[in-house]
2 protein chains.
Amino acid sequence: MAANSRVTIAAHALAWLELARQRGREVLTSDEVAASINTNAVIIRRSLGDLQRAGLVTARRGNGAGFSLGRPAAEITLLDIWLAVSPEPLLALHHSEPNLECPVGRGIRPVLTDLYDEATDTFRATLARWTVADVLERILA
Amino acid sequence: MAANSRVTIAAHALAWLELARQRGREVLTSDEVAASINTNAVIIRRSLGDLQRAGLVTARRGNGAGFSLGRPAAEITLLDIWLAVSPEPLLALHHSEPNLECPVGRGIRPVLTDLYDEATDTFRATLARWTVADVLERILA
DNA sequence: CCAAAAGCAACCATATTTGTTACGTCCGGC
DNA sequence: GCCGGACGTAACAAATATGGTTGCTTTTGG
């Protein structure tokens with residue numbers, strides 16, 4: 001259980017929702033999504049809950065309820081997913097404050113922050129170039 | 001203690017080694033490096049041990065020993081550091097195998113692998129544009 | 001009203017990271 | 001050749017995150 005797989009879970013769920021939609025099933029339950037991903041339904045509800053808060057899916061409760069895409073699959077990028085489910089930085093700064101008596105300890109944090117932000121931005125830009133529709137298309141190809 | 005700060009620790013240590021070198025101290029002990037980073041000397045020896053295995057620093061043992069840069073600071077990039085300190089994937093695939101009965105479960109892994117690799121490559125490319133000398137220069141500016 | 005399904009809280013097991021202690025190993029200097 | 005300083009490393013603890021599981025509450029269509 002090292003690196004987190006939340007983007008994977010969420011992308012899988014969205015691709016599956018879209019495929020089901022194309023097949024005429026507008027709504028899937030968390031159990032049905034969980035069956036494809038081979039995990040627990042609670043995990044799916046947690047993940048899709050994040051996506052719902054970001055507007056990427058809609059959830060209906062009550063009898064006959066379930067999840068649907070919140071907007072067309074071609075308008076949901078992997079960046080949208082990443083932002084919805086994984087708010088952690090890719091690289092962390094010091095855990096405890098460095099020694100401010102030392103010139104390096106005093107000045108390094110803003111420099112690394114800038115640098116990490118720059119790298120993270122390029123990472124995000126790549127994710128932004130892919131949509132759920134693209135992913136599903138490549139899966140079915 | 002969530003996200004790991006190993007790149008930060010290693011970059012800090014290298015910048016500090018370079019500054020010491022410019023000031024005439026070719027060798028620093030793990031205790032001296034730890035003092036700037038405000039952590040334990042064992043953490044430094046572990047981190048610099050990784051860097052040594054990658055050739056980024058040299059370690060001398062015995063009396064009066066310590067660590068020095070393995071090559072000029074202008075020739076050590078942040079990517080070198082990232083690769084040296086055991087880079088985990090930025091995004092993980094499924095934790096347990098998805099349901100292969102489902103078209104999405106069957107096909108999604110290579111697609112996401114490709115996509116994650118592409119994003120990771122751009123992340124790495126940004127790290128590769130920065131050297132320890134650049135970082136130190138910006139710290140002192 | 002009822003039943004189905006999301007929402008949610010409380011756990012548990014596992015893994016990782018950082019930190020700490022302790023000890024082995026190496027090696028320059030006396 | 002010994003000695004002491006410093007790296008190398010193993011073992012362990014505390015804190016945190018993740019994934020998983022169970023059980024209960026809430027919502028809502030029929």
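Quick note on labels: first sequence line is chain A, next is B, and so on, each numbered from 1.
Considering only side-chain atoms of B:Thr39, the nucleotide from D:dG20, C:dG19, D:dG19 that sits closest is C:dG19.
Residue B:Ser5 has a polar side-chain atom (N or O) positioned under 4.0 Å from OP1 or OP2 of C:dT18. For C:dA5, the OP1/OP2 oxygens have no side-chain nitrogen or oxygen of A:Ser30 closer than 4.0 Å. Side-chain N/O atoms of B:Asn63 include none lying less than 4.0 angstrom from OP1 or OP2 on D:dG4.
Side-chain atoms of A:Thr120 and A:Asp117 include no donor-acceptor pair closer than 3.5 Å. Under the 3.5 Å distance criterion, with hydrogens and angles disregarded, no donor-acceptor pair is assigned to the side chains of B:Thr77 and B:Thr131.
Rounded to an integer number of Å, the gap from A:Asn4 CG to C:dA15 P is 17 Å. At whole-Å resolution of the value, CD1 in B:Ile44 and C1' in C:dT20 are 14 Å apart. Whole-Å rounding puts the A:Ile43 CD1 to D:dT21 P distance at 8 Å.
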Can you give the donor-acceptor pairs under 3.5 Å from side chains of residues 45-65 of chain A to other protein atoms, not counting sequence neighbours?
from	atom 1	to	atom 2	distance (Å)
A:Arg45	NH1	A:Ser30	OG	3.0
A:Asp50	OD1	A:Arg53	NH1	2.9

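Judged by closest nucleotide on DNA chain D, B:Gly62 is the one of A:Asn40 and B:Gly62 placed further toward the 5' end. Between A:Ser96 and B:Gly64, the residue anchored nearer the 5' end of DNA chain C, judged by the nucleotide with its closest heavy atom, is A:Ser96.
A:Leu17 is connected to A:Leu140 through a chain of hydrophobic side-chain contacts under 4.5 Å among Ile, Leu, Val, Met, Phe, Trp and Tyr, so both are in one cluster.
A salt bridge between B:Glu101 and B:Arg106 is absent, with no side-chain N of the basic residue lying under 4.0 Å from a carboxylate O of the acidic one.
Panel note: side chain A:Thr39, backbone A:Ala34; no donor-acceptor pair is recorded below 3.5 Å.
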Restricting to nitrogen or oxygen on both sides, can you table the protein-nucleotides 8-10 of chain D pairs closer than 3.5 Å?
from	atom 1	to	atom 2	distance (Å)
D:dG8	OP1	B:Gln52	OE1	3.1
D:dG8	N7	B:Arg45	NE	3.1
D:dG8	O6	B:Arg45	NH2	3.4
D:dT9	O4	B:Arg45	NH2	3.4

